[in-house]
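Step one of this worksheet: look at the structure below.
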Protein chains: 2
Amino acid sequence: MATIKDIARLTGVSCTTVSNVIHGRTGRVSAETIEKINKAIEELRYVPNMSARSLVSNSSKVIGMINHIIPKNDQNLMEDPFQSSFLGAIERTLRENGYYLMLRTVETSEELITFLRNWNVDGLFFTGIFKDQFFDALSTLKIPIVLIDSYVQHPNICNVGLEDFKGSYTATKYLIDHGHRRIAFASPSIRDGGVLQERFYGYKAALTEHSIPFDKKLVFEYEMDIASCMALASELVQIPDITGLVVTADVMAAGIMAGLRKHGKKIPDDISIVGFDDISLCSMTTPTLTTIHQDIHLKGKIAVELMLKKLEGVEPEKTEIILPTYLVERESVRSI
Amino acid sequence: MATIKDIARLTGVSCTTVSNVIHGRTGRVSAETIEKINKAIEELRYVPNMSARSLVSNSSKVIGMINHIIPKNDQNLMEDPFQSSFLGAIERTLRENGYYLMLRTVETSEELITFLRNWNVDGLFFTGIFKDQFFDALSTLKIPIVLIDSYVQHPNICNVGLEDFKGSYTATKYLIDHGHRRIAFASPSIRDGGVLQERFYGYKAALTEHSIPFDKKLVFEYEMDIASCMALASELVQIPDITGLVVTADVMAAGIMAGLRKHGKKIPDDISIVGFDDISLCSMTTPTLTTIHQDIHLKGKIAVELMLKKLEGVEPEKTEIILPTYLVERESVRSI
DNA sequence: TTGTAAGCGTTATCAC
DNA sequence: GTGATAACGCTTACAA
């Protein structure tokens, strides 16, 4: 509970000098005073009070990781509230740079703004933002914002994302190259201007390029939980000429595989599947899952780097970073 | 950026009155003043400055979720830094009660204490704490602490955990009842006074109760990542008389299954496996995984309830909550 | 029923 | 080189 005042008293100097030493503004402080102050800081176990700092400086060293729930699918997000290994990477790097991470779920832009002002939040991370009123509100904020996996453009806002289009295109082409023609697409609800839409476009582009007519009936929009995947599988088996399936997430692919198996379908003999993400689960399924790889850790690292640059007032050279994806071949696709 | 002062000015009352109205201390404020103030708050979009509040009240409404890394296995924790669906449940309930959640990784108790004092943190959650010096430091803190999945006792500290012993005992007995005698135990590093040790004891107790000699060679301590699971599987197949396997986590069980499959082993024909947790992955493996179920969501909910009680100054009737576990029968065990 | 004023811990301006 | 002092936004005795 020692304060700057205590340090000042103990060392017989003023608060100003203590503060200056703490902040390394030692240009005009005698070496011996510095020594004394540092010793006192040690002894009294002084720890800065961030609230006080925040109050006076209008900045808080708090970075918010925002989970924007849209009413209809909050349940879903709660299941995997913030892609966790990602969170770990972010917290670590922020901490190493003297920042603090607050997690916050918001539903409306009002809630968000209230939160920001409550704490003088210095910067924000978001994942999966869409081009809607919520984003419009975002774009008026003056603090650094880094979006992850979002396809919305704004001069002041950084983006870290993936080659979603290319990834999905590659997955589809891979199936086509293996002789598949009736290829379905499975994904959680595809929203305009979102990651999943890009992946959907990639799928369509590959079809078109190979003169395969796009068939709306082969697009399955289902949630990612296991029950939905089972239901999706039941639908899938109703269309017996489907031989290939592109899925926008590995967990979903695994769920669908389990569902198909229940219906007596063999993978890849009856249906070939390509996933997306390349999480460790891919090596655990039977058969192992061919998928599109992304480096989630790198995504986190780069997101923080952009954030730190902006916090320091440096405008990053590139505000739009697209990380590569590539196909990892495993056992879930066969040639026909 | 409106402050209490602005409200006061606009409505022609004092800061005190505004503050009183904000905090519902309207006992001695005229209805019409209240009305005026509330309108002004609306109009000026007043949002309380938590730093200022925190500064004056020595409490911050910030709850810390602490990730205690111990040097040797930080890598591992980073992979699943904070059990995510759990985090979601916690953040949600806290938020509904006016609290904020900060995530923080600490390595030493000094780091933790610095963090607490930086922000006047009001309460702490921890998962998987052991009986070590770090815990000793914890127990001297005077803020509410809720431990999750920890077997350390302290009068002021709440615990939310599972029937770990019983769960593991049940898993082992289930294998025994299905005719298995050579039953191995696979787990991440078993530390004294931890969850995994309890599970280990449960395993041993079941063996003993059925007069099966405990064999140290059948205990495999490996990390949970896929590579370690593969390695574990390679070891496992060296001991051909093993017919059953109790694993302390589903992800690990799934990884081992994948490894065994690589070695040409059939599950459950060659080896029967029981997992722990009952995550959705269990329905996706081939065969589906028989496991010990726990309600992770409930665990989060109860943890927050305990926390809120303590924050309100109410000592909870029970400071030690043990949630039930039960076996979920799937396909990974066969009778012999 | 409402207002005054001190103080929380820190920083920053300016003066010495 | 160092020190007063005001200010940040809010709460809370204590007055009125």
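Letters A, B, ... are given to chains in the order of the sequence lines, protein chains preceding strands, and every chain is numbered from 1. Quick caveat: nothing in here was measured; it's all calculated off a predicted structure.
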Using a cut-off of 4.0 Å on non-hydrogen atoms, how would the nucleic acid contact of [X] be classed: base, sugar-phosphate, or nothing?
X       : result
B:Thr33 : sugar-phosphate
B:Arg25 : sugar-phosphate
B:Ser51 : nothing
B:Ser19 : base

Which nucleotide wins on minimum distance to the side chain of [X], given the candidates [options]?
X       : options               : value
A:Thr16 : C:dG3, D:dC10, C:dT13 : C:dT13
A:Leu55 : C:dT2, D:dC8, C:dT11  : D:dC8
B:Thr17 : C:dC8, C:dG3, D:dG9   : C:dG3
B:Ser30 : C:dT1, C:dT10, D:dT11 : C:dT1
B:Val13 : C:dG3, C:dT11, D:dT12 : C:dG3
B:Val56 : D:dT11, C:dT2, C:dT10 : D:dT11

Would you mind reading off the distance between [X] atom [atom1] and [N] atom [atom2], rounded to a whole angstrom?
X        : N      : atom1 : atom2 : result
A:Asn49  : D:dC8  : CG    : P     : 18 Å
B:Met50  : D:dC10 : CE    : C1'   : 11 Å
A:Asn120 : D:dG9  : CG    : C1'   : 10 Å
B:Arg117 : C:dG9  : CZ    : C1'   : 13 Å
B:Ile7   : C:dT2  : CD1   : C1'   : 17 Å
A:Tyr46  : C:dT11 : OH    : C1'   : 10 Å
A:Ile22  : C:dT10 : CD1   : P     : 7 Å
B:Ile4   : D:dT12 : CD1   : C1'   : 12 Å

Is B:Glu35 salt-bridged to B:Lys39, cutoff N-O under 4.0 Å?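 Salt bridge between B:Glu35 and B:Lys39, a charged N being under 4.0 Å from a carboxylate O: no.
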Check this for me: does any side-chain nitrogen of one of B:Glu305 and B:Lys301 sit under 4.0 Å from a carboxylate oxygen of the other?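 Looking at B:Lys301 together with B:Glu305, the answer is yes, because their closest N to O distance falls below 4.0 Å.
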So does B:Ser14 get a side-chain nitrogen or oxygen closer than 4.0 Å to the phosphate oxygens (OP1/OP2) of C:dG3?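 So the side-chain polar atoms of B:Ser14 do come within 4.0 Å of the phosphate oxygens OP1 or OP2 of C:dG3, strictly under.
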Counting only side-chain N and O atoms of B:Arg53, is one of them less than 4.0 Å from OP1 or OP2 of D:dG9?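 Answer is no, no contact under 4.0 Å.
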Using the closest heavy atom to pick a nucleotide of DNA chain D for each, name whichever of A:Cys15 or B:Asn20 lands nearer the 5' end.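 Per heavy-atom nearest nucleotide, the more 5' residue is A:Cys15.
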For residues B:Phe135 and B:Gln153, report the shortest heavy-atom separation together with the two atoms involved.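 Residues B:Phe135 and B:Gln153, closest heavy atoms: CZ-O, 3.9 Å.
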Might you point out which heavy atoms bring B:Met50 and B:Ser60 nearest each other, and give the distance in Å?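 Closest pair (atom of B:Met50, atom of B:Ser60, distance): CE-O, 3.8 Å.
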When you match B:Gly12 and A:Lys5 each to their closest nucleotide on DNA chain C, which lands nearer the 5' end?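 So the residue in question is B:Gly12.
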Only one of A:Val160, A:Leu147, A:Ile145, A:Leu94 passes side-chain contact (heavy atoms from CB on, under 4.5 Å) with A:Phe125; say which it is.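 When side-chain contact (heavy atoms from CB on, under 4.5 Å) is applied between A:Phe125 and each of A:Val160, A:Leu147, A:Ile145, A:Leu94, only A:Leu94 qualifies.
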Just to verify, what does B:Asp136 make a salt bridge (Lys or Arg N to Asp or Glu O under 4.0 Å) with, not counting sequence neighbours?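 Expected list: none.
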